[in-house]
J.: 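This structure is in structure tokens; I'll ask about it shortly.
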Amino acid sequence: MATTVAVPEMTDKSPRRSSLLEWVTTVDHKRIGIMYLLAALFFLVCAGTEAALMRIQLWKARFDFLEPDTFNQLFTMHGTTMVFFVGMPILVGFGNFLVPLMIGARDMAFPRMNAFGLWMFILGGLLTYYSFLQGGAPDVGWFAYAPLTSATFSRGMSTDYWILGLMTSGLGTLSGGINFIATILTMRAPGMTFGRMPLFIWMMLVDAVLIVIAFPPLTAAQTMLLLDRQLGAHFFDPQQGGSAVLWQHLFWFFGHPEVYILILPAFGMISEIIPVFARKVIFGYESVAAATVLIAFIACGVWAHHMFALGLSRTIDIFFSGSTFLIAIPTGIKMFNWIATLYGGKIRFQTPMIFCLGFLAMFLIGGLSGVMLAAVPFDWQASDTYFVVAHFHYVLFGGTLFGIFGGFYYWFPKMSGRLMNETLGKWNFWLLMIGFNLTFFPMHISGLMGMPRRIYTYDPELGVDIWNQLSTIGVLVQAAAFIVFAVNLIGSLRSGERSGDDPWDAWTLEWLTTSPPPAYNFEVIPAVRSRRPLWDLKHPEDPDWEHE
Amino acid sequence: MTGQRPKGLIPVQAKRHGRGILLLAFGLLFFASSVFAAGETNIVQTVSPPADSIKFLFYLLLAVVGAIFLIVEGALIYCMVRFRKREGDESEPPQIYGSKPVEIAWTVAPALIVFVLFLVVLRSIVQIRKVDVPEDALRVVVTGHQWWWEFHYPELGVTTANELHVPIGDDENERAVFLDLQSVDVIHSFWVPQLSGKMDVVPGRTNLLWFATKQPGLYRGQCAEYCGTQHANMLLRVVAESPEEFERWAAQQAKPAVDDPKVAAGRQLFMSLACMNCHTIKGTPANGTFAPDLTHLMSRQTLASGMVENNPKNLRDWVDNPQSIKPGCLMPSFQLSSKQLDDLVAYLETLH
Amino acid sequence: MNHAAALSAHAESPHHDQHALGGWTPLKVGMASFLFSEAALFATLIVAYLKFLGQDDGGPTPEVLNVGRELVAVILLLVSSITVQFASRDLARGRCTSCTVGVILTFILTVGFLIVTGLEWRELIAVDGLTINRNLFGSSFYTLFGFHLGHVLAGCVMLLIMMGIAFSGSLNARSSPGMEAIAWYWHFVNGVSVTLFLVVYVITR
């Protein structure tokens, strides 16, 4: 068989614990992927703690728990961490682990560059956090609007740490993006045409393209800011003719695609998980893939909807309102496709699946409040309030994070060879679901009642105490959910039930190999002729390729 | 239960998800009504055309997305209940790969909805973002500072801080107020929800915002764009009063400060300390522009941009150590002796 | 049973080189993606330059730029694009010596570019007083051309590495894909140089 690629002789048959050094020096995509996940979980704990501290401070009007500067550092670091050191690394980590396995490859295209990306991300994260020891963390907000970031208004080094930390990790992200593109375009198993790639692979490919487009403008803008601060350039200094508006354009030209960079891989995960647990092929594969491409395309033309209150011209407002409404259409298509996949299925409510169903229910709310915010005049009231905070947490927490949890429960057996505990998984889900809604739903209301975001305290006259207290209680419930997850993760790693190669009776190539997979992934590189190669194998009487 | 579901169960299940949808509907209703009822600083207790227009848009959006929410969430719950795996049924369901007509339908339907919404938005933007300023409009130059507001009425020669006085209109005369928004440092955002949506206050440019009200009252707001340490306490008050009251107020504000010889010691102190470098008191050598104009300080209801009531005790505490009231604010403590404090506060208290 | 083997067995005659995407190796795709991101970077900087053009109240304007000298610099780089292409082609055909000559020529031309640019910048700084903190033109000009210069220097490092390989005697056809990637990068950097020349020195000056 010509597709059979020679497999290196295994010298080490007996599984043994690998040393730390082996992990640190590895270029194996699976280990790199897992290290991405672990490092991101560490930063998740940091960012979660920051959030909890903020919620305590906001327990009641004029509460005196944190200094204003501390609070401002906390929300800056919470946002920065969640976006750059939690959201993206987790998704890149899953991508690293899964992309070669799902396309039937032995590794990523550039294994050493892959390791480089991981360590740049970790270095960037640590560099940003090191600022805490150097006189205070950045306190300019995660989008760091000029001229608050200028040397005049942001003294000390904190903003420079923010710039350098993000540039460093951004370099890692960019190298990861390039690696995904090269891997997916050139290393697919024989027979895996574009039309047969798993949807997760589609989403990772589009995600990587967005990374390649969106990160360089951020790097350029951050360089300009650094030159302003360190060498006295004038890019963002209005006193010298510079432009505060330019920073916003450049930042959001990165920042909005970034939102889709954070959600697309989660879309990909649930597009893999929902069909398996509904026992039905994804409904409308072509339109889900096409909608993804369309979303990426439109995502590059909606950035100024973050700037409706900036007083740009009416024409600009109208254009970006239109493009933002437009992006609701492909997003809606996906939503309907996922629900249609459930229709007529035989749904198994195991933990990965209930997280995906939670995703559908919660992301819908975030999507709909997004449609509301696309209406410019409404945005003039709601932008920069807790309504927006609620909106993007429904998207990035209710969406991305629920998807990520689904992914953890679904692929943990492939990574470790063991199943995660179902009972704890259900506890994890329900606590998170309740805690999440308790925290973020009231924020819609406090926002519309006049509470701006990023305030360390509020006036009693605002009348939002009760809604803030609900939010704070919600964080406690969430904390319980995360503890349950941690217990489940560690416990299952030590003594979870053995999963076997294919515990979910799934259909994509990663379930073909052992759990955990050997370093070379596949003994024989499989050849595929449909989107669900394992379905074909299990159902020779009714293979997929007859229908595609 | 076997693979085949007994027929009798159908109504029970229909009822179950019916109840779910009902619950969700109540949730939404609760959401809307709570916004309605509580607090005065919210986006639905409106008293000015731009805010009214946005309120209408908000209700329309809420109705549309509410309906979509109920339909989609209902479909989701229906599928979850109806198509759950039955005990003992291990067979695979029929595989449905897609359906062109269905997919076209659910592409076109949302497209139509957002198109209609877009048209509504278009009209609303043109209504609210006026570019022509009416002749009889009151113009106020609003300058954002870290962390307080300066209001300058160029036609009236009045400068004040943190409390914006405007005249109300009546049915014949709208009395629109047009604000020219500027910043001397970082980006702020002017937001009084009951009057209008927010508009950023950006260094290097002048933004225009307008409102008009027929209802006298106090309308609260605050800075809505993060602007540094005390962003949370950059509060705003708009006092809408009858045209007569407004004229009286403006006439009083236009006068130079009272010069009361009884408090000459305090006045002397004010001029000899650094106070005068930052503050202006009309009719005296003090003409600083970094900090609020104090010419008619005692006519204001609050201190520290709305943080505390303007009374003798708060004033004294503030002058003694501003950092204890508003940590991080740009006014330093001058370490005054008790006697100096008494003199200074006595002087300030004459500035009516 | 070996599932993978089973999958391979019943797959329709697999196209073994289907994944090669018509000669697009992973290295080429990776390099193309990288250059695409670089293009986005320079596009951003050009936008910033154009945005601030003519916004200054005082200080030097683009009038101080020396078009003739910059033209020489750009031509030096353009010629080096030709030499690097020859070097890459020669190595692909196994002609290591002539490849080495090509790399050295490229390097010399680049040094020429650096010298001319150095003269230009020296005059801008010393005679015209244009520095990065002088005005907006200075800020955006030096940032834009500084980024390009950084890329030229990175290219020099790549050329030096190729020379090192050549002088250690280990240059052979196996280095060819790497050399080709360097040539791609070099063409990109020189394309940027032409673009910057046209935008800054010709069209908007």
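Protein chains get the first letters and strands the later ones, always in sequence-line order, with residue 1 at the start of each.
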J.: Among A:Ala109, A:Pro217, A:Ala208, which residue has the highest count of heavy-atom pairs closer than 4.5 Å to chain C?
T.: A:Pro217
J.: How about C:Pro62 and C:Leu53: do any of their side-chain heavy atoms sit closer than 4.5 Å?
T.: yes
J.: Please determine, among A:Pro216, A:Gly232, A:Ser243, the option with the most heavy-atom pairs under 4.5 Å with chain C.
T.: A:Pro216
J.: Below 4.5 Å from any heavy atom of chain A, which atoms of C:Asp57 appear? Answer side chain, backbone, both or neither.
T.: neither
J.: Between C:Phe137 and C:Phe141, how do the two ring planes meet: parallel, tilted or perpendicular, split at 30° and 60°?
T.: tilted
J.: Is there side-chain contact between C:Val200 and C:Phe145, with heavy atoms separated by less than 4.5 Å?
T.: yes
J.: Tell me if the aromatic rings of A:Phe253 and A:His249 count as close, with their centers under 6.0 Å from one another.
T.: no
J.: Is there a side-chain contact between C:Leu114 and C:Leu149 in this structure, where contact means two heavy atoms from C-beta onward sitting under 4.5 Å apart?
T.: yes
J.: By a 4.5 Å heavy-atom criterion (distance strictly below it), what part of C:Phe42 contacts chain A: side chain, backbone, both, or neither?
T.: neither
J.: Name the member of A:Ser530, A:Pro543, A:Ala214, A:Ala182 that forms the most heavy-atom pairs with chain C at distances under 4.5 Å.
T.: A:Ala182
J.: Using 4.0 Å as the upper bound for N to carboxylate O, is an ion pair formed by A:Lys538 and A:Asp505?
T.: yes
J.: In terms of heavy-atom proximity below 4.5 Å to chain C, should A:Leu227 be classed as side chain, backbone, both, or neither?
T.: side chain
J.: So, do C:Arg95 and C:Arg89 sit near enough that their side-chain heavy atoms are less than 4.5 Å apart?
T.: yes
J.: Among A:Asp237, A:Ile213, A:Ile211, which residue has the highest count of heavy-atom pairs closer than 4.5 Å to chain C?
T.: A:Ile213
J.: Centroid-to-centroid, A:His234 to C:Phe52, below 6.0 Å?
T.: no
J.: Below 4.5 Å from any heavy atom of chain C, which atoms of A:Leu218 appear? Answer side chain, backbone, both or neither.
T.: neither
J.: Quick one: what part of A:Ile181 sits under 4.5 Å from any heavy atom of chain C, side chain, backbone, both or neither?
T.: both
J.: Less than 4.5 Å to any heavy atom of chain C: does that hold for the side chain of A:Met224, its backbone, both, or neither?
T.: side chain
J.: Considering only heavy atoms, which portion of A:Phe180 lies under 4.5 Å from any heavy atom of chain C: side chain, backbone, both, or neither?
T.: neither
